[in-house]
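Just so it is clear: chains get the letters A, B, ... in the order the sequence lines come, proteins before strands, and each one is counted from 1. None of these values were measured; they are calculated from a predicted model.
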Number of protein chains: 2
Amino acid sequence: MTSDERRVSIMELLKTRGRCMKGIELAEIFNVSRQVIVQDIAVLRASGEAIIATPTGYFVTPPRESVSLRKTIVTKHEGVDSIEEELVTIVDNGGKILDVIVEHPVYGEIRGNLMVGTRYDVEQFMKKVREDRAEPLSSLTEGLHLHTIEVPDEETYERILRELKKRNYLI
Amino acid sequence: MTSDERRVSIMELLKTRGRCMKGIELAEIFNVSRQVIVQDIAVLRASGEAIIATPTGYFVTPPRESVSLRKTIVTKHEGVDSIEEELVTIVDNGGKILDVIVEHPVYGEIRGNLMVGTRYDVEQFMKKVREDRAEPLSSLTEGLHLHTIEVPDEETYERILRELKKRNYLI
DNA sequence: TTGGTGACAAGACAGCTGTAAAGTCATTTA
DNA sequence: TAAATGACTTTACAGCTGTCTTGTCACCAA
């Protein structure tokens, strides 16, 4: 293992584990002295990595760590009623639909906000859709669209995927 | 000054100054011993403040400060050529157009990506608009729309506003 | 062969935070 | 009045990072 490989590995370790890692700890992992690690950290910092040293070890600030997970799902369906069923499936299983995204020939991705997290939200949203007779964004792409959804954990995400698949909405 | 007042002041100091502040430094400012500061930090942390201790002092992570400023402008115009003139005006004066936003009866805000920062970008974008004969998003609202633009400083922002106003694009 | 360079080990030290213990002083409570 | 409590000071120590110095070893070039 070269110095550079070790430095890359150090960054991976720091990024992967959220917790602090002490210099001596890293030194033992890579079978080098603590001073070598100190030097590696200096080099990594010089190359732009935002490594922070604390009395309990090194760490890097997590890149926008949110309590809940954000996932993107690709779904397809046509008709207003299908929209409702899709949304209901997601919120019933613990997900929150943040937006809808479709591909536009000029703008690339177009995002529309939804912020639908409960059955009540779904109702309000569908009411607006029906009242305004507005074309849903997904009509631009024959029903194909993406949603950003927020879920508390991986398990919830898997469950939502299963339920959507069961109803043939998932791509 | 009570303990609570001192703790509030400590947080203000840490948030205001970007740099690290040592325990002994804070102790001298408030005329107390370092141990009192240590205790204060412990209390503040217990109350949810994300204070980080480093060998060079305490600090709080800055709230996602970006190097450049992001501003939102409201403009209005009709016709494809006006689009081009508006974009050119912005990029010529040092702005980058990140997106276009219009109000949609159902989705609220709809965002389309632009990422136009140079005249070349403007050309490419206009080419796509003309080739695809795609309706620009702003046609939904009689030409009224918002842009998020990125500028290096306030001065640039003011200049862009002046130039847009001169051409009667600004609301 | 000789000299230079890079990577590393080992030890020592300074500065910082965090913890703990013991003592002082004013205020509150029984 | 006497005890208890809270805020603070002082002292001491452990653990960590960062810096510095000295020495070893392998490799490469003149």
Engineer: Please report the distance, rounded to the nearest Å, between CZ in Phe30(A) and P in dC8(C).
Structural biologist: 12 Å
Engineer: Take atom CG of Leu26(A) and atom P of dC8(C), then tell me their distance rounded to the nearest Å.
Structural biologist: 14 Å
Engineer: Does any part of the side chain of Glu85(A), heavy atoms only, come nearer than 4.5 Å to the side chain of Tyr169(A), both counted from C-beta?
Structural biologist: yes
Engineer: If we ignore angles and hydrogens, is there a donor and acceptor under 3.5 Å between the side chains of Thr72(B) and His147(B)?
Structural biologist: no
Engineer: Taking atom P of dG18(D) as reference, at what distance in whole Å does atom CD1 of Ile24(A) sit?
Structural biologist: 14 Å
Engineer: Return no unless some side-chain N or O of Arg7(B) is found under 4.0 Å from OP1 or OP2 of dA7(D).
Structural biologist: no
Engineer: What's the shortest heavy-atom distance between Gly117(A) and Lys96(A), and which atoms?
Structural biologist: CA-CG, 3.8 Å
Engineer: Check for a donor-acceptor pair, side chain of Glu25(A) on one end and backbone N or O of Lys22(A) on the other, with a separation under 3.5 Å.
Structural biologist: yes
Engineer: Answer whether the closest heavy-atom distance between the side chains of Asn93(B) and Tyr157(B) falls below 4.5 Å.
Structural biologist: no
Engineer: Going by an N to O cut-off under 4.0 Å, is there a salt bridge joining Lys166(A) and Glu163(A)?
Structural biologist: yes
Engineer: Tell me, do Ile90(A) and Ile149(A) make a side-chain contact under 4.5 Å, heavy atoms counted?
Structural biologist: yes
Engineer: Glu25(B) has an atom CD; how far is it from atom P of dC16(C), in whole Å?
Structural biologist: 9 Å
Engineer: When the distance from CD of Gln39(B) to P of dT19(C) is rounded to whole Å, what number comes out?
Structural biologist: 9 Å
Engineer: Can you tell me which nucleotide in dC16(C), dC8(C), dC16(D) comes closest to the side chain of Lys22(A)?
Structural biologist: dC16(D)
Engineer: Of the nucleotides dT9(D), dT19(D), dA9(C), which has the atom closest to the Val38(A) side chain?
Structural biologist: dT19(D)
Engineer: Would you list the protein and nucleotides 11-14 of chain D atom pairs, both N or O, that sit under 3.5 Å from each other?
Structural biologist:
unit_1: dT11(D); atom_1: O4; unit_2: Gln35(B); atom_2: NE2; d: 3.2
unit_1: dA12(D); atom_1: N6; unit_2: Gln35(B); atom_2: NE2; d: 3.4

Engineer: Any protein N or O atoms within reach of nucleotides 22-26 of chain C? Criterion: under 3.5 Å, listing atom names and distances.
Structural biologist:
none

Engineer: Could you please name the option among dG18(C), dT10(D), dG15(C) that lies closest to any side-chain atom of Arg45(B)?
Structural biologist: dG18(C)
Engineer: What nucleotide, of dA9(C), dT17(D), dC8(D), holds the atom closest to the side chain of Val36(B)?
Structural biologist: dC8(D)
Engineer: What does Asn31(B) touch in the nucleic acid at a heavy-atom separation under 4.0 angstrom: a base, only the sugar-phosphate, or nothing?
Structural biologist: sugar-phosphate
Engineer: When the distance from CD of Glu5(B) to C1' of dC8(D) is rounded to whole Å, what number comes out?
Structural biologist: 17 Å
Engineer: Over how many whole Å does the gap from Asp40(B) atom CG to dG6(D) atom P extend?
Structural biologist: 16 Å
Engineer: Nearest 0.5 Å please: distance from the CZ atom of Arg70(B) over to the OG1 atom of Thr148(B).
Structural biologist: 7.5 Å
Engineer: Is the closest side-chain heavy-atom distance between Val100(B) and Leu146(B) below 4.5 Å?
Structural biologist: no
Engineer: Taking atom P of dC16(C) as reference, at what distance in whole Å does atom CD1 of Ile41(B) sit?
Structural biologist: 15 Å
